[in-house]
Amino acid sequence: MDPIFFSPPNGIPSESKLATYMVTPQSPEFIPTRISSSPNFYPPYHMNNGLNGVNGLTTTTAAAAAAAAAAAAAVATVAAPASSTSSSSSSSTVAAAVAVSGSSSKVSNGGSSASILSMQKTNIVATVNITQQQQQQQQQQKQQQHQSSLVNDSVVGSSAPIAIIPNPAAAPFVSSMSAQTPLKARAAMMRQDSPTAALIGGEKSPPHGMTPHGASPIPTTLPASVHQENVGGTIYFYPTANAQNSQPVVNSVVVDAAHPAHPAHHGVVSAVAPLSAVPSQLLYAGHVYPGPASNVIAMQPKTQLESAFFMPDEMRSDILGRNEISNLIMDAAEAAQHALPLEVDNYHALYPLEPPAQPMHTKLTLPASTYRATHNSTGFKYCLRRLHGFRLQSTKCMALVEMWKKLQHTNVVQLRELFTTKAFGDNSLVLVYDYYPGSQTLLAKYFTPAPETNGYTDPFQGEARPFSHKSNMQRTNNGPLLPESTIWSIIMQLTAGLRAIHQAGLACKILDPTKIIVTGKRVRFSSCCISDITQFDPNAANPLALVNMHQQDDLTALGRLVLALACRCLQSVQRDNVQSSIDMVTRNYSTDLRNFIVYLFTTNNRRSVTDLMPMIGARFYTQLDALQAQVDMQEDELAKEMENGRLYRILVKLNSINERPDFNLDCTWSETGDRYMLKLFRDFLFHSVTEDGRPWLDHAHIVQCLNKLDAGSIERVQLMSRDEQSVLIVSYAELKNCLENAFSELMSAAN
Ligand SMILES: Nc1ncnc2c1ncn2[C@@H]1O[C@H](COP(=O)(O)OP(=O)(O)OP(=O)(O)O)[C@@H](O)[C@H]1O
């Protein structure tokens with residue numbers, strides 16, 4: 001019969017690797033349905049982690065030693081007939097999993113890194129070489145034991161419950177089982193209280209049908225190839241590196257009957273081998289956000305807990321605000337008002353950034369409009385500046401365009417491309433720039449009168465006092481004078497941008513408050529290249545001949561802008577007002593600021609933007625410090641979000657698989673095979689309940705388990721079927737492997 005359609009008697013999906021690890025009432029022994037299919041779960045990640053296998057279990061007590069000794073004796077007496085495949089050797093191999101529960105003593109751990117790694121590779125709990133003689137002895141004992149009872153209540157309880165579970169993947173043992181007792185054993189098990197029930201209820205013993213009858217299962221001495229460790233009262237026996245090398249790869253598991261899972265139902269919140277057994281945190285240490293750095297905490301007016309989990313409110317609202325602006329779409333009324341084409345060249349979804357009827361800029365002498373638009377193929381958003389009714393006189397200006405396109409600076413909005421179009425119903429020239437959502441022009445931010453409340457303006461607000469000699473000029477309601485640090489911050493950014501422009505052999509040409517944008521605290525020149533095109537003289541031999549003159553003009557314009565900012569008034573730079581404005585700066589700000597402005601207004605000598613640096617002086621360090629502090633804070637946020645993103649991707653994979661109603665015409669795909677493990681793991685993650693049935697919600701549990709899954713930790717997790725009749729013990733590494741396989745199945749089908 002096709003195994004896919006054959007429902008195996010133990011209820012385990014037949015094509016599933018999980019059968020290897022599953023304990024059910026029907027099959028208390030481990031029935032390896034796919035012994036040879038055990039995948040290589042262990043990516044180089046583990047190997048690179050310096051996993052040394054130091055587990056800290058170093059205290060040996062007399063009780064534990066006695067227990068260990070008894071277990072070793074039991075192991076020594078475990079016998080299985082040689083398989084047809086491996087009986088050629090006088091000494092065949094039997095794998096046994098031995099768990100001695102109830103001992104709270106810690107035992108010395110002889111585990112070496114090699115042994116832990118070998119555990120990674122094989123999941124072997126114990127692998128013991130025994131002689132042919134011993135196997136026969138074991139066979140006899142097993143028969144006796146099978147006749148008497150499969151559940152030995154005498155070993156249940158806290159004193160010394162023992163589970164000796166044969167390793168199913170050991171070929172000799174398997175063949176012995178199948179040759180002699182499989183059906184019988186199963187039938188017996190079905191009659192008996194199942195080991196699973198014992199596991200769940202904590203009252204019954206795990207199957208010890210394989211325990212040599214009458215012999216103490218606790219070994220007194222262990223073979224050199226085996227070492228033991230006690231985890232939460234359960235003693236695990238691991239093969240050492242030597243044993244590992246010399247013996248076949250097998251799978252097994254230890255079930256601790258004395259420590260039933262807790263909480264119960266739909267996912268048992270208990271890993272069989274806890275972190276203490278293997279420093280598995282090493283396996284995913286890089287994937288755990290360690291909390292904010294102390295220097296960052298000091299920057300945030302938040303409690304430590306808040307800053308550990310949430311980004312600063314200011315940052316959050318900034319980002320949300322920018323996203324919202326970036327995603328704005330026009331309503332029907334706006335669309336009718338603007339009558340924008342659906343597509344312009346390679347861009348669509350045009351959204352106006354200013355009202356339709358724009359006054360002509362004095363220097364541009366052309367009506368212009370600004371839009372946000374989305375690139376057709378990349379989906380990136382750009383800022384389009386359209387010059388209405390403009391025809392390119394000559395393509396010679398493209399040399400300048402190329403120079404601008406190459407100019408990359410954090411204080412200059414980069415020009416990306418330029419094209420002409422008739423999509424607007426006229427001949428338009430469109431310049432494409434980077435888009436910075438939420439930007440304001442300097443004019444809008446600092447020179448726009450604040451709305452008056454009830455027509456009343458506080459006469460004492462700001463520096464300009466009523467009835468003073470300068471009040472007429474200064475009282476503009478633009479707001480109070482700016483702090484000097486703000487002005488210097490703007491100066492530093494503008495001079496940085498200007499320096500880059502001048503060094504590129506270009507000139508800004510329109511350096512005024514309408515063509516400088518502010519995004520948060522960043523200031524950028526926003527309309528570079530437009531003047532070079534609109535004022536281009538096709539007859540000029542060298543289009544850059546006048547660049548020096550234009551650069552000098554830039555510096556004068558910068559002086560005027562800074563003076564206007566310092567007075568917070570555009571009229572302050574009118575020829576008649578300049579002197580009184582400088583006097584005002586002298587009174588209110590430092591001499592450095594005054595000298596800076598005066599230097600830029602002095603047109604007798606040739607000025608250079610680099611000469612401005614000494615006037616900025618040590619303020620530069622203040623600015624640098626502020627920026628670095630911001631970078632520190634943002635990096636910390638990034639560390640948090642990086643982890644969130646990673647966890648999100650795992651969840652995407654998991655949820656693409658779980659509960660998928662149909663895949664390749666198979667309605668049971670997500671419920672069978674490896675996917676069944678993932679389903680139970682999902683239950684374990686999200687649907688665990690407490691003993692009294694309340695939802696057990698623990699964010700840390702979810703995060704930690706997802707991290708272990710992502711890292712493919714060798715730690716094992718105990719999963720329970722929804723009917724609570726089966727328990728599955730599986731390592732995160734195996735779960736990860738299942739996840740990857742199932743998801744790549746989906747991916748290849750999707751492709
Ligand atoms: N690269 C950009 N990214 C995002 N928004 C921008 C960008 N460039 C300009 N803006 C915004 O577009 C709007 C219009 O810009 P524009 O330069 O036309 O200013 P303006 O005050 O309308 O000037 P003008 O009076 O000369 O038309 C402003 O709100 C500005 O903040």
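Atoms within each ligand, like the ligands themselves, are counted from 1 in listed order.
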Quiz prompt | Side chains of Asn644 and Glu641, donor plus acceptor under 3.5 Å | solution = yes
Quiz item: So, does Val413 sit close enough to ligand 1 that a heavy atom of it is under 4.0 Å from the ligand?
Solution: yes
Quiz item: With respect to Val523, which candidate in Ile491, Thr410, Ile516 satisfies the side-chain contact (heavy atoms from CB on, under 4.5 Å) definition?
Solution: Ile516
Quiz item: Is any side-chain N of the basic residue among Asp592 and Arg619 closer than 4.0 Å to the acidic one's carboxylate O?
Solution: yes
Quiz item: Can you check whether Tyr436 has an N/O within less than 3.5 Å of an N/O in ligand 1?
Solution: yes
Exercise. Check each atom of ligand 1 against the heavy atoms of Cys383 and keep those under 4.0 Å away; list them by number with element.
Key: 1 (N), 2 (C), 7 (C), 8 (N)
Exercise. Considering the heavy atoms of Asp434, write down every atom of ligand 1 situated less than 4.0 Å from one of them.
Key: 1 (N), 2 (C), 3 (N)
Exercise. Using a strict 4.0 Å cut-off to heavy atoms of Gln440, name the atoms of ligand 1 that fall inside it.
Key: 31 (O)
Practice problem: Pull out every atom of ligand 1 sitting under 4.0 Å from any heavy atom of Thr370, numbered as shown with elements. | Solution: 12 (O), 14 (C), 15 (O), 18 (O)
Quiz item: Will you find, in the side chains of Asp426 and His388, an N or O donor that is under 3.5 Å from an N or O acceptor?
Solution: no
Quiz item: Hey, which atoms in ligand 1 end up nearer than 4.0 Å to a heavy atom of Tyr435?
Solution: 3 (N), 4 (C)
Exercise. Using heavy-atom distances, let me know which of Glu354, Arg385, Arg372 sits nearest atom 8 (N) of ligand 1.
Key: Arg385
Exercise. Determine, considering heavy atoms only, which of Leu353, Thr519, Ile325, Ile517 sits nearest to atom 12 (O) of ligand 1.
Key: Leu353
Quiz prompt | Side-chain donor-acceptor contact under 3.5 Å, Glu343 with Asn376 | solution = yes
